[in-house]
Enquirer: 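First the structure, which I've put down as structure tokens, then a few questions once you've had a look.
By convention here, the first residue in the shown sequence is residue 1. Note that the structure is a prediction, hence the values are computed from the model and not measured.
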Amino acid sequence: QGAMVVTNWRTGEISAVVGGRDIRYAGFNRALDARRQIGSLVKPAVYLTGIEKGYNLATPLRDEPLTLRNQGGQTWQPKNYDRGYRGQVPFYQAMAESLNLPTVRLGMDVGVDKVVETLRKLGVSQPIQAFPSLFLGTVALAPIEVNQMYQTLVSGGLYQPLTTLRRSAVGRPQLVSHNDDDEHANLMWIRFNEALRSGNVPVREGRFGARMRIGSIADGPFQFTLQE
């Protein structure tokens with residue numbers, strides 16, 4: 001099974017929603033209702049919070065072993081995907097290579113509540129548990145909710161609710177609203193594209209007939225969110 005949401009990242013217009021392999025099935029729509037932990041897709045929210053709190057792209061972050069302990073005495077030791085350590089890495093490299101340890105250290109420094117606040121600004125309305133594991137994507141979202149989050153990122157921080165409407169009018173002459181195809185400044189998009197170009201985002205080739213990167217990708221005017 002799979003699901004896909006395709007939107008125009010400049011306008012927030014929804015171009016396509018695929019709820020499953022059988023498009024004739026009128027039941028459960030995975031694009032709208034299948035919530036899964038989003039993993040590293042949450043990390044731009046952590047790094048955006050860091051920038052808002054005074055970090056810059058060259059700020060060094062520690063990529064070293066880390067142990068966190070809760071009030072009950074339980075410990076959590078996050079690891080990088082490759083199980084390795086790099087000592088210190090600049091802010092931009094930690095994001096581009098999707099390194100877990102620097103991300104968690106950054107999140108702990110800026111505060112879990114501040115990252116939750118950033119996610120709210122990006123358009124996430126689902127309940128979010130404010131635990132450090134949030135920095136590695138334990139929040140569960142549906143593909144359309146992830147798409148909304150990245151819609152705000154790629155439009156320069158301007159929140160635009162996803163829509164299937166292009167214009168609305170009362171009668172013939174009076175235009176009530178119109179969704180213009182305006183350009184907006186990019187926010188952190190250079191660094192996110194670096195992550196895509198460097199090959200650290202998994203690429204899969206499956207039943208969709210083409211190589212597609214898992215996640216939200218701005219390619220031309222369209223943004224894709226794919227879930228397998």
Enquirer: Using every non-hydrogen atom in the two residues, find where P78 and L136 come nearest and quote the distance to one decimal.
Expert: CB-CD1, 4.1 Å
Enquirer: To the closest 0.5 Å, what do you measure between OG (S15) and CH2 (W9)?
Expert: 13.5 Å
Enquirer: Looking at every heavy atom in both G123 and Y159, which two are closest together, and how far apart are they?
Expert: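 Where G123 meets Y159 most closely, the heavy atoms are CA-CE1, 3.7 Å.
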Enquirer: Please round to the nearest 0.5 Å and tell me the distance separating atom OG of S133 and atom CH2 of W76.
Expert: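 S133 OG to W76 CH2: 5.5 Å, rounded to 0.5 Å.
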Enquirer: Less than 4.5 Å apart, any side-chain heavy atom of L106 and any of F135?
Expert: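 No. Closest side-chain heavy atoms not under 4.5 Å.
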Enquirer: Just say parallel, tilted or perpendicular for the rings of F91 and Y55, cut-offs at 30° and 60°.
Expert: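 F91 and Y55: tilted rings.
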Enquirer: Does F131 share a hydrophobic cluster with V115, counting links as ILVMFWY side-chain heavy atoms below 4.5 Å and allowing steps through other members?
Expert: no
Enquirer: Indicate yes or no: at least one non-hydrogen side-chain atom of L61 is less than 4.5 angstrom from one of Y47.
Expert: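 Yes; the side chains approach each other to less than 4.5 Å.
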Enquirer: Any side-chain donor paired with an acceptor under 3.5 Å for S40 and Y81?
Expert: no
Enquirer: Between Q88 and P60, which heavy-atom pair has the shortest distance, and what is it?
Expert: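 Between these two residues, the closest heavy atoms are OE1-CB, 3.8 Å.
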Enquirer: Would you say R120 and I128 make side-chain contact, with heavy atoms under 4.5 Å?
Expert: yes
Enquirer: Answer yes if L68 and V46 sit in the same cluster of Ile, Leu, Val, Met, Phe, Trp and Tyr residues linked by side chain heavy atoms under 4.5 Å apart, and no otherwise.
Expert: yes
Enquirer: Are the side chain of N70 and the backbone N or O of Q74 linked by a donor-acceptor pair below 3.5 Å?
Expert: yes
Enquirer: First locate atom CG of N100, then atom CZ of R105, and finally report the distance between them rounded to the nearest 0.5 Å.
Expert: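 It comes to 12.5 Å.
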Enquirer: Does one side chain, of Q77 or T67, offer a donor that lies under 3.5 Å from an acceptor on the other?
Expert: yes
Enquirer: Transitively linked via ILVMFWY side-chain contacts under 4.5 Å: M108 with L101?
Expert: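 M108 clusters together with L101.
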Enquirer: How far apart are the closest heavy atoms of P143 and A3, and which atoms are they?
Expert: CG-CB, 4.3 Å
Enquirer: For the atom pair CG (L162) and CE (M149), what is the distance rounded to the nearest 0.5 Å?
Expert: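 Going from CG on L162 over to CE on M149, the span is 13.0 Å.
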Enquirer: Of the non-hydrogen atoms in S155 and T152, which two are nearest, and what is the gap between them?
Expert: OG-O, 3.3 Å
Enquirer: State, yes or no, whether a side-chain contact exists between L141 and Q126 at a heavy-atom distance under 4.5 Å.
Expert: yes
Enquirer: Rounded to the nearest 0.5 Å, how far apart are CD1 of I38 and OG1 of T138?
Expert: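 Output value for this atom pair is 9.0 Å.
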Enquirer: Which heavy atom of P44 sits nearest a heavy atom of L41, and at what distance?
Expert: CD-O, 3.4 Å
Enquirer: Does a side-chain heavy-atom distance below 4.5 Å link R35 with E145?
Expert: yes
Enquirer: A side-chain contact here means heavy atoms from C-beta on lying under 4.5 Å apart; do T163 and I14 qualify?
Expert: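 Side-chain contact under 4.5 Å: no.
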Enquirer: First locate atom CZ of R30, then atom CD1 of I144, and finally report the distance between them rounded to the nearest 0.5 Å.
Expert: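 R30 atom CZ to I144 atom CD1 measures 15.5 Å (nearest 0.5 Å).
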Enquirer: With distance as the sole criterion, is a donor-acceptor pair present between the side chains of K43 and S98 under 3.5 Å?
Expert: yes
Enquirer: Would you please name every residue forming a side-chain hydrogen bond (donor to acceptor under 3.5 Å, both in side chains) with D63, sequence neighbours left out?
Expert: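 Testing D63 for side-chain hydrogen bond (donor to acceptor under 3.5 Å, both in side chains), a comparison that skips the adjacent residues, returns N80, R86.
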Enquirer: For atom NZ of K53, is the number of surrounding heavy atoms from other residues, nucleotides or ligands below 6.0 Å larger than 12?
Expert: no
Enquirer: Would you say the side chain of K79 lies within less than 4.5 Å of the side chain of Y85, judging by non-hydrogen atoms?
Expert: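 In contact.
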Enquirer: Is it the case that the side chain of Q148 and the backbone of Q160 share a donor-acceptor pair, with hydrogens and angles ignored and the cut-off at 3.5 Å?
Expert: yes
